[in-house]
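Worksheet for the structure shown next.
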Amino acid sequence: MEKGLLYPVTNKFRQDQKLDGLWDFKFDPSAEGEKKGWTTGFGDPIKMPVPASFNDFFTDKDSREYTGDFWYAKKFFVPDYMKDKMIELRFGAATHRATVYVNGQEIRSHEGGFLPFTADITTAIKLGEENIVTLKMNNELHRDALPAGDTAILKNGKKMSKPFFDFYNYSGLNRSVHLMAIPKENIYDYSTTYDVSENQATVHYDVKATAGSNFMVSLADEDGQIVATSEGQSGDLVVENPTLWQVRDAYLYTIKFELVENGQTVDEYSDEIGLRTIEVKGHQILVNHKSVYLRGFGRHEDSIYAGRAFDLNVERRDMNLMKWIGANSFRSSHYPYDEQVYKFADREGILIIDEVPAVGFKMAAASFLGGLNQSFFDGDWVDELYKKHIDQVKDMIQRDKNHPSVLAWSLCNEPDTSTDSAVPYFTKLFNDSKELDPEKRPRTFTLNEDDTFEASKCLQFPDLYLLNRYPGWYHKWGYEISDGEAGLRAELDEWKNSDIDKPIVFSEYGADTEPGLHKLPSIMWSEEYQIELLDMFDRVFDSYDFVRGEQPWNLADFQTVEGNMRVNGNKKGIFTRDRQPKAAAFFLKKRWTSLPLDY
Ligand SMILES: CCCN1C[C@@H](O)[C@H](O)[C@@H](C(=O)O)C1
């Protein structure tokens with residue numbers, strides 16, 4: 001678990017410099033980079049954009065599909081005036097694992113390709129001179145790592161990723177790298193919880209520093225007016241007549257922490273927060289004590305050219321598409337997204353189900369994936385897997401806990417929950433994650449088609465249920481969709497007649513749709529069929545009051561592995577991969593903009 005994951009800022013005491021741009025890049029198929037001295041740089045490099053996945057830049061298949069070790073290198077300068085600071089490098093995402101060297105000195109390693117980590121390089125850098133950072137990275141998939149998969153060795157000796165999941169194994173430095181100069185005694189974490197009412201809100205804060213416990217704390221409104229102050233390592237900021245953070249009507253205050261030593265401020269950290277509460281009560285999801293009906297999407301960080309890289313332009317477009325269509329939420333399927341996505345959602349009043357990359361923990365649902373034909377949790381890899389799983393749950397919550405947009409934590413996507421061996425795994429996971437979020441937001445995981453009300457042995461764990469259901473596509477498809485509807489209703493009747501008293505959100509449903517394919521009457525893959533399927537699901541949702549959300553799969557088309565069930569990727573998008581609407585977008589817009597917020 002990382003000690004602190006505060007987002008980098010520049011202020012009187014801190015400096016943040018992004019090292020984005022072209023880095024030196026080189027494949028290392030024989031894994032001999034260290035032996036060849038690449039820790040201090042290497043010759044004949046490929047100039048590689050950062051942040052970006054390396055895959056789609058190449059014109060040859062061996063490079064696009066490359067699996068194994070690869071290296072990045074970048075020279076950087078640290079001016080003399082930083083001599084009294086702690087110098088750190090912060091990597092937003094190195095997918096899937098990395099070892100960091102500075103001037104040839106090994107600094108640290110990190111496992112997990114969707115969460116940040118920092119490297120303290122204070123003793124490795126040369127002040128007033130040029131330095132070099134190199135990373136040895138690796139993108140192999142394994143059953144004891146997140147996301148789960150295998151790495152095959154082909155007869156020609158080349159390695160090949162075999163994901164147990166349906167998104168392309170885009171790899172590289174997918175998010176920005178920051179060079180940070182911060183005080184040697186510094187603020188490294190904070191958390192907030194809230195009590196809100198019509199005319200008063202209280203922010204309960206807790207702040208952590210490497211030394212000292214003397215803090216000045218203030219809260220300012222959007223006009224910069226101080227509305228509350230406090231002091232000490234923990235305390236309350238009471239706001240009279242607050243403007244609460246509401247769904248699709250956001251308001252952000254700025255909280256500021258000052259670390260004070262001998263009457264002098266020695267460090268400062270400010271962040272934007274939203275005054276709101278999240279609760280699950282019976283079948284209801286409540287924001288500020290008011291029921292909310294989720295409408296939105298499963299998404300992917302995915303776009304042409306840069307693959308899984310965070311792209312501010314794409315995110316701006318996606319947020320506008322979600323506002324246009326009347327969405328109020330999304331799931332960060334199937335991994336935590338770049339922090340800037342959560343900042344966008346904070347500002348737009350959009351709720352996020354934040355998901356850790358625990359995906360592929362079951363016989364892959366789609367036959368073209370290289371999944372397993374046994375219970376995933378019977379494997380001899382489970383102990384090692386669990387260590388990485390809980391570590392990434394801790395880092396996800398540590399990183400994202402202060403965002404008002406975060407509604408819930410998805411601790412797994414479609415795990416195998418219908419076998420006895422799943423129960424001890426999830427018992428431990430839910431026990432070990434219980435205290436991680438100061439706000440105690442709901443924890444959940446998505447339930448696959450096989451993990452029905454009848455079959456799943458793990459329904460006791462989630463605080464709300466996320467159902468992934470594909471009648472009309474993976475079964476009972478085409479003209480048989482009426483049987484699909486009947487089956488869906490039969491399952492929901494079981495939920496209805498049970499004593500389960502928790503909300504159900506449909507977190508996946510949909511149909512692959514080729515944009516521009518029209519057929520009257522409809523046929524699968526046509527835009528008409530996608531609407532027919534969505535309309536069927538909406539009829540069912542509207543028949544059960546404990547269905548408290550609908551998030552069709554997916555916001556946009558996205559890249560997957562090659563396969564006889566994929567036409568250059570997954571086409572279940574409501575929008576195309578270049579973010580243009582299919583007919584279904586107008587169908588959903590009509591439905592979602594006519595629903596009241598708390599429908
Ligand atoms: C049936 C498996 C659930 N779901 C996972 C998601 O990652 C896939 O893209 C989606 C699909 O196959 O379209 C199915």
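Atoms within a ligand are numbered from 1 in the order they appear, just like the ligands themselves.
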Hydrogens and angles aside, do Glu449 and His475 bring a side-chain donor and acceptor to less than 3.5 Å of each other?
yes
Can you tell me if Asn174 and Thr95 form a side-chain donor-acceptor pair at under 3.5 Å?
yes
Sub-4.5 Å side-chain heavy-atom contact between Glu550 and Phe537
no
Out of all atoms in ligand 1, which are within 4.0 Å of some heavy atom of [X]? Include the element for each.
| X | value |
| --- | --- |
| Lys572 | 11 (C), 12 (O), 13 (O) |
| Asn448 | 1 (C), 2 (C) |
| Tyr470 | 3 (C), 4 (N), 10 (C), 14 (C) |
| His334 | 6 (C), 7 (O) |
| Phe558 | 9 (O) |
| Glu508 | 3 (C), 4 (N), 5 (C), 6 (C), 10 (C), 14 (C) |

May I ask you to identify, for [X], whether its side chain, its backbone, both or neither come under 4.0 Å of ligand 1 on a heavy-atom basis?
| X | answer |
| --- | --- |
| Tyr474 | side chain |
| Asn570 | side chain |
| Lys571 | neither |
| Glu414 | side chain |
| Trp473 | neither |
| Phe165 | neither |
| Thr560 | neither |

Across all chains, not counting sequence neighbours, the ring-ring contact (aromatic ring centres under 6.0 Å, His included) partners of Trp495 are Phe453, Tyr465
Would Trp553 count as a polar contact of ligand 1, with the cut-off being nitrogen or oxygen pairs under 3.5 Å?
yes
Would you check the N or O atoms of Asn468, main chain and side chain alike, for any that come under 3.5 Å of an N or O of ligand 1?
no
Look at the side chain of Tyr168 and the backbone N and O of Asn55, then say whether any donor-acceptor pair between them is shorter than 3.5 Å.
no
Judged by atom type as modelled, is there a donor-acceptor pair below 3.5 Å linking the side chain of Tyr509 to the main-chain atoms of Leu534?
no
Matching residue for Lys159 among Asn139, Leu141, Ile153, Asp69 - test: side-chain contact (heavy atoms from CB on, under 4.5 Å)
Ile153
Residue-ligand contact Arg566/ligand 1, heavy atom below 4.0 Å:
yes
Atom NE2 in His389, atom CG in Leu411: separation rounded to 0.5 Å?
6.0 Å
Salt-bridge present (Asp56, Arg64; N to O < 4.0 Å):
no
Residue set satisfying salt bridge (Lys or Arg N to Asp or Glu O under 4.0 Å) with Lys519, at least two apart, ordered chain then number -> none
